[in-house]
Peer 1: 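What follows is a structure written as structure tokens; I'll ask about it next.
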Amino acid sequence: MHNPDIIVAGAGIGGLALALCLAQQGFDILVLEKSRAPAEAGAGIQIGPNAFHILNQLGLKQELHKSAQFPDRIGIYDADSGATLAQSPLNPLIERRHQAPYAVIHRAELHKILHDRAQDCEHINIKHSSSLSKFVDDGHNVIVQTQDRENFTARILIGADGLWSTVRDLVIGDGPPRYTGQVAWRAVVRKDQVEKRFAAPETGLWLGERAHLVHYPVSNGQLLNIVAVTAASDPPRGWSSPGQADNLLVCFENWHPSVSTLLEQVSEWRTWALYDRDPAPEWGVGRITLLGDAAHPMLPFLAQGGAMAIEDAWILTAFVKDHLDEPRSSLRAYEHLRIKRTARVSLAARENATMFHLSGYKRLLRNMALKASLTSPGLLLRKYDWLYGYKALEERLPVSDQAPF
Ligand SMILES: Cc1cc2nc3c(=O)[nH]c(=O)nc-3n(C[C@H](O)[C@H](O)[C@H](O)COP(=O)(O)OP(=O)(O)OC[C@H]3O[C@@H](n4cnc5c(N)ncnc54)[C@H](O)[C@@H]3O)c2cc1C
């Protein structure tokens with residue numbers, strides 16, 4: 001077997017999107033994935049138009065339209081009274097505004113769409129049960145070793161190996177990510193089990209003190225995805241560990257009865273401790289760089305971590321496509337551009353973390369401001385033009401970075 005052009009560590013949403021973008025340019029890709037089989041959390045994911053554009057370019061529109069939902073609106077509600085604080089039209093307005101829709105989809109379905117397409121592609125080889133453990137950049141190639149002591153050689157190595165990235169540890173070595181003091185509880189319930197107000201085709205956001213709740217339909221509208229975020233001084237052990245419903249229900253006991261009743265319908269909760277990092281000044285060295293959560297783990301309060309990984313994938317491909325033999329300048333240019341963009345998104349997500357959980361008079365002021373936006377439908381969407389209107393497809397490698405390294 002000849003050497004691949006590029007090795008991607010990690011077959012999550014970011015790694016698979018990257019493999020598909022690179023394969024579209026004719027590169028041969030080896031994806032090393034440590035898990036034994038494809039696996040994604042039993043929960044939903046929102047895909048803003050900024051990322052949906054790219055999935056369209058990968059020819060995935062049809063498959064996505066089969067499983068994704070396209071909510072009509074975003075509704076923001078007060079946790080105590082259940083009153084509407086703000087509402088914004090979503091689809092199809094957002095598609096008219098940014099030429100791509102706002103989708104919500106079950107993660108396992110999105111992952112399967114990407115994984116199936118990658119497996120069908122002659123340029124992509126996905127190796128499961130293959131955990132990258134170390135690598136050497138000899139100036140011409142990167143030689144990667146897995147935990148089973150298999151060696152692979154390629155021109156470039158991309159660490160798309162998630163929050164606890166081994167590649168990041170070996171390249172930047174800036175320590176573990178920061179626990180943010182918040183835990184996300186995730187679950188899905190059958191839509192026919194829930195109150196009518198939750199069956200609407202909307203993304204709902206409920207704001208309480210030190211907690212919030214998000215819900216939206218997935219799986220062809222058969223299931224309702226629920227994410228409840230609470231404060232916790234210590235992170236739960238493990239990743240996606242089972243959550244004790246009693247511990248969650250106590251945080252929501254004074255909420256509007258619709259919410260407490262909804263939460264009682266859930267039979268199985270999984271918990272995620274939420275981590276992020278301050279934006280890093282660099283992501284790579286030589287022929288190695290990072291992508292997705294490995295590069296820029298962020299709080300999920302703008303629903304953009306996965307979308308940023310997809311944007312990274314497109315831009316990284318656009319920058320290296322004519323520079324495989326000497327990719328170092330292009331990789332640094334990719335980092336430069338993406339560090340700026342992802343830092344802005346990550347910091348905006350942190351601001352939401354504060355804004356969503358306000359108490360006392362600050363909460364009242366926030367609610368008044370949100371209610372004022374009710375008189376101007378579309379205002380909330382306009383506020384996020386910088387986010388959803390970003391066109392990764394238009395980014396080009398700056399001319400100064402095209403010279404040999
Ligand atoms: C509660 C919550 C809600 C969210 N909601 C949204 C949302 O609505 N919209 C959105 O865009 N984002 C959302 N996100 C963020 C999104 O889930 C992540 O940003 C995204 O999944 C990151 O993808 P990734 O491919 O970079 O990393 P991962 O999905 O973590 O994939 C990394 C892969 O690398 C593999 N791996 C790890 N180490 C190695 C190794 N040494 N060798 C080989 N393989 C390895 C892992 O097994 C894994 O398969 C949310 C996150 C959370 C926690």
Side-chain angles (χ1 to χ4, degrees), residues 7-19 30-41 43-52 54-55 102-107 110-111 114-115 126-135 144-148 150 152 157-170 177 180 182-187 203 205 212-216 218 225-230 239-240 269-276 290-313 342 345-346 349 387-388:
I7 295 176
V8 177
I13 291 168
L16 290 173
L18 176 65
L30 171 64
V31 184
L32 300 174
E33 167 54 51
K34 81 169 174 192
S35 66
R36 261 188 297 150
E40 251 298 344
I45 185 162
Q46 309 183 54
I47 299 292
N50 51 313
F52 205 95
I54 297 166
L55 299 176
Y102 193 106
V104 291
I105 185 168
H106 197 289
R107 277 169 182 265
L110 174 61
H111 192 264
L114 295 167
H115 197 272
I126 307 178
K127 255 180 100 51
H128 281 274
S129 303
S130 250
S131 183
L132 171 147
S133 61
K134 53 184 169 180
F135 47 81
V144 171
Q145 191 171 84
T146 65
Q147 261 173 5
D148 296 339
E150 268 193 288
F152 302 96
L157 166 66
I158 314 291
D161 49 346
L163 183 66
W164 304 102
S165 169
T166 304
V167 180
R168 182 180 185 119
D169 198 29
L170 295 172
T180 60
Q182 284 159 329
V183 176
W185 297 66
R186 303 207 278 201
T203 292
L205 168 64
H212 74 271
L213 181 107
V214 177
H215 57 83
Y216 50 83
V218 291
N225 177 66
I226 305 172
V227 185
V229 177
T230 59
W239 187 240
S240 181
W269 287 103
R270 315 287 299 182
T271 57
W272 272 259
L274 298 181
Y275 293 83
D276 75 358
L290 304 174
L291 169 147
D293 277 9
H296 46 69
M298 59 182 71
L299 284 166
F301 305 152
L302 262 183
Q304 280 285 327
M308 287 300 115
I310 295 170
E311 284 186 6
D312 290 346
T342 55
V345 177
S346 177
L387 181 61
Y388 301 132

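FYI, the numbering just counts along the sequence from 1. Counting convention: from 1, in listed order, for ligands and their atoms alike.
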Peer 1: If I compare all heavy atoms of Leu163 with all of Asp293, which pair ends up nearest, and what's the gap?
Peer 2: N-CB, 3.7 Å
Peer 1: To the nearest 0.5 angstrom, please state how far the CG atom of Leu110 sits from the CD1 atom of Ile13.
Peer 2: 4.5 Å
Peer 1: Is Met298 in contact with ligand 1, taking contact as a heavy-atom separation below 4.0 Å?
Peer 2: no
Peer 1: Answer side chain, backbone, both or neither: which part of Pro300 comes under 4.0 Å from ligand 1, heavy atoms only.
Peer 2: side chain
Peer 1: Is the shortest N/O to N/O distance between Leu291 and ligand 1 below 3.5 Å?
Peer 2: no
Peer 1: Under a 4.0 angstrom heavy-atom cut-off, which atoms of ligand 1 come close to Gly162?
Peer 2: 27 (O), 30 (O), 32 (C)
Peer 1: Which ligand 1 atoms are under 4.0 Å away from a heavy-atom of Thr166?
Peer 2: 41 (N)
Peer 1: What's the separation between atom CZ in Phe135 and atom CD1 in Ile7, rounded to the nearest 0.5 Å?
Peer 2: 10.5 Å
Peer 1: Relative to atom 29 (O) of ligand 1, which among Ala307, Gly12, Ala17, Pro38 owns the nearest non-hydrogen atom?
Peer 2: Gly12
Peer 1: Closer than 4.0 Å to some heavy atom of Ile13 - which atoms of ligand 1 meet that?
Peer 2: 25 (O)
Peer 1: Is a donor on one side and an acceptor on the other found under 3.5 Å between the side chain of Arg168 and the backbone of Ala295?
Peer 2: yes
Peer 1: Any N or O of Tyr216 that comes nearer than 3.5 Å to an N or O of ligand 1?
Peer 2: no
Peer 1: Please confirm whether Ser130 approaches ligand 1 to less than 4.0 Å, judged on its heavy atoms.
Peer 2: yes
Peer 1: For Thr180 and Leu274, indicate whether the former's side chain and the latter's backbone hold a donor-acceptor pair under 3.5 Å.
Peer 2: yes
Peer 1: Heavy atoms only, cut-off 4.0 Å: how does Ala184 contact ligand 1, side chain, backbone, both, or neither?
Peer 2: side chain
Peer 1: Under the side-chain hydrogen bond (donor to acceptor under 3.5 Å, both in side chains) test, which residues partner Arg186, sequence neighbours left out?
Peer 2: none
Peer 1: Any nitrogen or oxygen of Leu132, side chain or backbone, less than 3.5 Å from one on ligand 1?
Peer 2: yes
Peer 1: In ligand 1, which numbered atoms sit nearer than 4.0 Å to a non-hydrogen atom of Arg186?
Peer 2: 1 (C), 2 (C), 3 (C), 4 (C), 52 (C)
Peer 1: For Phe52, does its backbone N or O pair with a side-chain atom of Tyr102 as donor and acceptor, under 3.5 Å?
Peer 2: no
Peer 1: Give the atom numbers and elements of ligand 1 that come within less than 4.0 Å of a heavy atom of Gln46.
Peer 2: 7 (C), 8 (O), 9 (N), 10 (C), 11 (O)
Peer 1: Describe, in one word, how the ring planes of His212 and Phe301 are oriented to each other, choosing from parallel (under 30°), tilted (30 to 60°) and perpendicular (over 60°).
Peer 2: perpendicular
Peer 1: Can you name the nearest heavy-atom pair linking Leu170 to Ser133, along with the distance?
Peer 2: CD1-O, 3.5 Å
Peer 1: When you measure from atom 19 (O) of ligand 1 to each heavy atom in Leu18, Val229, Asp293, Asn50, which option holds the nearest one?
Peer 2: Asp293
Peer 1: Using a strict cut-off of 4.0 Å, indicate which atoms of ligand 1 neighbour a heavy atom of Ala303.
Peer 2: 7 (C), 8 (O), 9 (N), 10 (C), 11 (O)
Peer 1: Restricting to side-chain hydrogen bond (donor to acceptor under 3.5 Å, both in side chains), what partner residues turn up for Gln147, sequence neighbours left out?
Peer 2: none
Peer 1: Just which atoms of ligand 1 are under 4.0 Å from any heavy atom in Leu32?
Peer 2: 43 (C), 44 (N)
Peer 1: Going by the atom numbers of ligand 1, which of them fall below 4.0 Å from some non-hydrogen atom of Ala160?
Peer 2: 32 (C), 33 (C), 34 (O)
Peer 1: Residue-level breakdown please: for Arg107 versus ligand 1, do any non-hydrogen atoms fall below 4.0 Å on the side chain, on the backbone, on both, or on neither?
Peer 2: side chain
Peer 1: Under 4.0 Å, heavy-atom basis, I'd like to know which part of Pro297 is in contact with ligand 1: side chain, backbone, both or neither.
Peer 2: neither
Peer 1: Taking all non-hydrogen atoms of both residues into account, name the closest pair between Asp161 and Ala294 and its distance.
Peer 2: OD1-CB, 3.7 Å
